[in-house]
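Computed from a predicted model, the values in this text were never measured in an experiment. Note that the numbering runs from 1 along the sequence shown for the chain.
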Amino acid sequence: MRNGGATKEQIMAYAAYHSKVHLTGSGDKDYVNYVSSSGAEIKDGNQRIRLTLAYNRYTNVGQRIPMIRQGSGHMYNCYIDNSTHYDVSDNVSAIYEYGIDQLSRALNARNGASIAADSCVFHDISEPITGAEIQGEDTKNMDES
């Protein structure tokens, strides 16, 4: 990028980007049975996840803000901004040519999870919401029950 004409400051503004931000739950195919305090067997502990995010600010981020598997989440009064990353990427030809960090996704629900966002601002985020109903294949490794 430096050989292409980008300044150190422009490269630093671009490099401040963080690809995977907030992951909740183990892998898509990691299933471990748990026994609750009442003695009932729970197939996967991810089903017990309850996530609340409030008054957070995420700047120069790529994806998974947050990503949750099987549990449920609620996000409110959050600000997610990817504008600095895109400003440099779009306006500096050397960074546009050589930069590879281009993802811009926010809420991601997988494996039957659900997440809601209230009063959140998504600035320069190309895909504010992704999930099983959009991706289509995320629930195929789960039981029908």
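- A side-chain N or O of Thr59 and one of Arg57 form a donor-acceptor pair less than 3.5 Å apart.
- Inter-residue side-chain proximity for Leu51 and Pro66 is flagged as met; some heavy-atom pair is nearer than 4.5 Å.
- Summarising the geometry of Arg110 relative to Asn108, their closest heavy-atom pair is CG-OD1, 3.3 Å, with the distance given to 0.1 Å.
- Put simply, the side chain of Tyr55 reaches to within 4.5 Å of the side chain of Tyr76, judged on heavy atoms.
- Residues Ile80 and Ala106 approach most closely at CD1-CB, 4.2 Å, considering heavy atoms.
- Separation of atoms CD1 (Ile65) and NE2 (His22) is listed at 10.5 Å; rounding is to 0.5 Å.
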What verdict does the side-chain contact (heavy atoms from CB on, under 4.5 Å) test give for Lys8 and Arg2, after you've listed the backbone C-alpha separation in whole Å, the side-chain angles of each residue and the deciding distance to 0.1 Å? CA-CA 7 Å; Lys8 291 178 187 177; Arg2 288 285 287 145; 3.9 Å; yes
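- Between Arg64 and Thr24 there is no side-chain heavy-atom pair separated by less than 4.5 Å.
- Rounding to the nearest 0.5 Å places OG of Ser93 at 11.0 Å from CE of Met1.
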Between Asn60 and Asn82, is a side-chain contact (heavy atoms from CB on, under 4.5 Å) present by the stated rule, with each step listed? CA-CA 4 Å; Asn60 292 341; Asn82 206 23; 4.2 Å; yes
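- Shown here for Ile49 and Arg69, the closest heavy-atom pair between the two residues is CD1-O, 4.0 Å.
- The side-chain heavy atoms of Lys20 and Met67, taken from C-beta on, include no pair separated by under 4.5 Å.
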Can you give the donor-acceptor pairs under 3.5 Å from side chains of residues 113-125 to other protein atoms, not counting sequence neighbours?
unit_1, atom_1, unit_2, atom_2, d
Asp118, OD2, His74, NE2, 2.6
His123, ND1, Asp81, OD1, 3.0

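- Judged by distance alone, the side chain of Glu97 and the main-chain N or O of Ala94 form no donor-acceptor pair under 3.5 Å.
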